[in-house]
Each structure stands twice: as C-alpha cells, then as structure tokens.
Amino acid sequence: MNTLTLTRPDDWHLHVRDGAALAAVVPHTAERFGRALIMPNLKPPVVTTAQALAYRDRILAAVPAGSSFQPLMSLYLTDNMPADEIDRAKDSGHIIAAKLYPAGATTNSDAGVTAIEKIHPVLERMESRGLVLCVHGEVAGDVDAFDRERVFIEKVLSPLVRRFPALKVVFEHITTAEAAQFVRAAGGNVAASVTPQHLLFNRNALFAGGIRPHHYCLPVLKRETHRLALVEAVTSGNSRFFLGTDSAPHARSTKEASCGCAGCYSSHAGIELYAELFDSVGALDRLEAFASLNGAAFYGLQPNPDKISLQRESWTVPAAYDYLPGDPLVPLRAGESLGWKLAA
Ligand code: DOR
Ligand code: ZN
C-alpha cells in the first residue's frame, strides 16, 4: 500500500500557546486535522468560559484561509472553580472538556488542583452535564518520576472513577502498561489518548549519546515494555484508545537549557508519525479508527466529513521552524527522515 486515505483525523490533546506562537503552530495542525482539543495551561490559565471563548477567537484568527479546522476548547480546573462555570462552559457550545492538572505535576500546573476532594462539586456537575474530564495522570511531589503515573492510578484515578461512574474521563497521554490495562478494564466512560513519542520511543531516547532535551516531555518516556504495551493497546481495535499528540511547543532556548521545559513538538507531522508506527507493526488498517473515529465517538461527535491522504514517500523534517523572534522551534525527528508524507 503506497497511498493511505482516511477520514480526516482529530487531535484530542494539543497545546498551541498564545500570541505570536499561534501563527507558527496552528497551520501545521489545521493542515492535517479537522478538530483539536486545545489545552488550557496558558499563563495565566484558561479558567473561565469567557477566557476560553476569547482564546478560541485568537486561535481561529491563526487558521489559514480555506481551512475548516475547528478548535474545541477546555477549561483548566482549580481548587476554586465554581460549579456554575461548568454550566456556562457547556452552554457555550464550544467547550467540551475540563482538564485536571494536579498542582505541581507539569508545565504551568501551579494553579492546578491541590486535592481532588476540592473539586468534587465541580466533578459532580460535569458528570450531570456531560462535560468530559481530561486528566494529567501523574502525582506530584516526592514519588519517583518513572512511577508517578502508576501511583496516580492507585491513589487518585481508581477512586475517582468509582465515585463518579457516569463521568466521562480521558486519561491523557498514557505512558505505562498499567495505564493501558486500567483503561481496558474500566467501563465505557474511561478512555485514553496516546502521543506519537510514547509509541515511537522508550526512555533510552532521552540519553542517546548524550542528554536529548527534545525527547523530554511529561509524563516522561518509560522503558520498552511500556512502549510495547501502548503499541498493543492502540493497534488492538479497542475503541477507547485514540490520538492525542500532546504537541507542546517550547522555543529552543527554553528546551536546550540547564533546566529545560517538558514537551515535544509534533504538529508538523501529527499524523505521519503515527502512520509510521502503525506501518512498522503491520497495523495500518487500524490507523483510521484510532486517529479519526474513536475520539469523536467518545466525545459524542460525528467523524469529520472529508478525507486526507498520506503517501509512502520519504521527506526530511526541517532542523527547526520559525517560532518566536530569534528563538525557533525544534520539532520531533528534526533533521531525520519520515516515511509517510501528507498528500497535497
Ligand atoms: O510535556 C509536557 N508538556 N507535558 C505536559 O503535561 C505539558 C506540556 C506543555 O504544556 O508544555
Ligand atoms: Zn499536554
């Protein structure tokens, strides 16, 4: 098979930042994807419906003419969010989810939730109004960095899913066999997004010949057994696993630094990277469900009406893209070749 045509995919987990950065990254996503769920961890975070709608307008202004790409918005949960904000969000028609960042777990999570009990009234409202809970599934604090996802399942996620059985929950960017197994064993209201980097790389990629800051993201890459479990999950045909790139742009100077930011930029090849992975395990026939159907179904939306085509053709990823003035963006697989190319 040298041409692969599939229903236009969606990206169910995307960071596009704000201001000048939007013009640099939004076109990459809009070229490939019909919709993307935009993460709210701006500085300051997107905590109200009014902020989310204004942010949506700024993103739309960065969508190239002729593209029908639609940003879908999320709110950032804090200890103090009033439950009525959930009603405003739902009634806006443009906000489909709220994101739980455990305080201190990742980039711009300082305003996140310090104890899950604090948001029980908000979760109850989300459960009754049908707003999806997206979860950064790691505990913060002294727990070993490679164990934070597993411990989060035991301490936070299992009890939460038991307490709110009708709440729709997306366990974002899963990285471990334990997370894949948790989702498989959970009921129909629990799903997971999976990134390209966690499918393509294990933690050796962080240390290949020296420290590799462009492979550093959170949750951090895990060992090979976990990568294999994720590949198994996304190619298994289980509809509760779907595409979420977690493409997270950071300017080069903030990645290549003594304390570098977490995040891999992948929107430039946001479907091609997955095609490469599915192809490598002989599962290209499973890519469309994972990339274009499963996520929409979980969020209660129709698939996109149009299609995209990929060609088996090698191309070289640029060493960097323009991003901020004098401070470019280094993409995943910079300077390397990819075997699948988006057809014009
Ligand atoms: O690697 C990451 N980058 N993980 C996150 O959870 C946040 C993201 C970002 O915003 O840069
Ligand atoms: Zn993210």
Side-chain angles (χ1 to χ4, degrees), residues 4 6-7 9-14 33 37 97 100 132-138 146-154 156-158 160-161 168-205 215 217-247 264 266 269-299 303 332 340:
L4 181 65
L6 60 156
T7 300
D10 298 306
D11 185 348
W12 295 103
H13 186 126
L14 179 67
F33 295 99
L37 179 56
L100 166 61
V132 172
L133 176 70
C134 297
V135 176
H136 183 105
E138 289 190 288
F146 293 94
D147 294 336
R148 287 176 190 169
E149 186 173 276
R150 181 174 57 70
V151 173
F152 183 86
I153 297 171
E154 294 162 21
V156 183
L157 196 53
S158 293
L160 185 142
V161 163
K168 286 197 151 186
V169 178
V170 180
F171 194 170
E172 299 290 340
H173 43 53
I174 60 167
T175 65
T176 58
E178 288 87 351
Q181 179 51 28
F182 175 81
V183 171
R184 226 182 268 116
N189 288 331
V190 178
S193 62
V194 191
T195 77
Q197 65 266 24
H198 293 108
L199 291 169
L200 288 165
F201 304 129
N202 64 37
R203 65 193 191 179
N204 285 345
H215 288 160
C217 66
L218 289 173
V220 71
L221 295 171
K222 304 298 191 298
R223 60 168 73 236
E224 179 67 0
T225 48
H226 294 292
R227 188 189 73 83
L228 291 173
L230 299 179
V231 172
E232 203 286 318
V234 302
T235 57
S236 68
N238 186 319
S239 65
R240 285 183 293 110
F241 295 96
F242 48 76
L243 185 156
T245 61
D246 196 17
S247 179
C264 298
S266 59
I271 186 65
E272 297 90 327
L273 290 160
Y274 290 101
E276 181 161 303
L277 181 274
F278 277 67
D279 193 14
S280 74
V281 295
L284 275 179
D285 60 324
R286 296 272 162 100
L287 180 62
E288 184 180 46
F290 172 78
S292 316
L293 307 178
N294 296 349
F298 188 81
Y299 278 94
L332 206 60
W340 285 92

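No experiment lies behind these values; they were computed from the predicted model shown.
- Pairs of residues two or more places apart, or lying in two chains, that qualify as salt bridge (charged side-chain N to carboxylate O under 4.0 Å, His left out) and include a residue from residues 176-200 are R184-E232.
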Q: Output, in order, the C-alpha distance, side-chain angles, deciding distance and verdict of side chain to side chain contact (heavy atoms under 4.5 Å, CB included) for C134 and L37.
A: CA-CA 10 Å; C134 297; L37 179 56; 3.8 Å; yes
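- Using a 4.5 Å cut-off on side-chain heavy atoms (C-beta onward), D11 and L243 make contact.
- In terms of heavy-atom proximity, S266 sits nearest to T245 at OG-CB, 3.5 Å.
- Of all heavy-atom pairs between F290 and V194, the closest is CZ-O, 4.0 Å.
- Distance check, rounded to the nearest 0.5 Å: CZ of F241 to CG of L230 gives 8.5 Å.
- Looking at every heavy atom in both residues, I271 comes nearest to A291 through CD1-CB, 3.8 Å.
- Proximity of L157 to V190: side-chain heavy atoms (C-beta onward) are nowhere separated by under 4.5 Å.
- Within the structure, salt bridge (charged side-chain N to carboxylate O under 4.0 Å, His left out) pairs that include any residue of residues 280-298 do not occur (at least two apart or interchain).
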Q: Evaluate side chain to side chain contact (heavy atoms under 4.5 Å, CB included) for C264 paired with T195, printing each intermediate quantity in order.
A: CA-CA 10 Å; C264 298; T195 77; over 6 Å; no
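- Residues F298 and W12 keep their aromatic ring centres 6.0 Å or farther apart.
- Pairs of residues two or more places apart, or lying in two chains, that qualify as side-chain hydrogen bond (donor to acceptor under 3.5 Å, both in side chains) and include a residue from residues 269-280 are R32-E272, E276-R333, D279-R312, D279-W340.
- Contacts classified as side-chain hydrogen bond (donor to acceptor under 3.5 Å, both in side chains) and involving residues 217-230 (residues at least two apart or in different chains) are given here: T175-K222, N202-E224, E224-R227.
- If you take CZ on F182 and CZ on F152, they are separated by 9.0 Å, rounding to the nearest 0.5 Å.
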Q: Might you work through the side chain to side chain contact (heavy atoms under 4.5 Å, CB included) test for F33 and L14, ending with a clear yes or no?
A: CA-CA 11 Å; F33 295 99; L14 179 67; over 6 Å; no
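- With contacts defined as side-chain heavy-atom distances shorter than 4.5 Å, the pair D10/F242 does not qualify.
- In this structure, N238 contributes its side chain and R240 its backbone to a donor-acceptor pair below 3.5 Å.
- Between T176 and R150, the closest side-chain pair of non-hydrogen atoms is not below 4.5 Å.
- Applying the side-chain hydrogen bond (donor to acceptor under 3.5 Å, both in side chains) rule to E172 yields the partners H13, S193; only residues at least two apart in sequence or on another chain are considered.
- Distance CD/E149 to NE2/H173: 8.5 Å, rounded to 0.5 Å.
- Judged purely by atom type and a 3.5 angstrom limit, S239 has no side-chain atom pairing as donor or acceptor with the backbone of N294.
- The shortest side-chain heavy-atom distance between V156 and V135 does not fall under the 4.5 Å cut-off.
- Taking A205 as the reference, F201, H215, L221 meet the side-chain contact (heavy atoms from CB on, under 4.5 Å) condition, with sequence neighbours excluded.
- Rounded to the nearest 0.5 Å, atoms CZ (R148) and CD1 (I153) are 15.0 Å apart.
- Put simply, CG on L277 and CG on L200 are 5.0 Å apart, with the number rounded to the nearest 0.5 Å.
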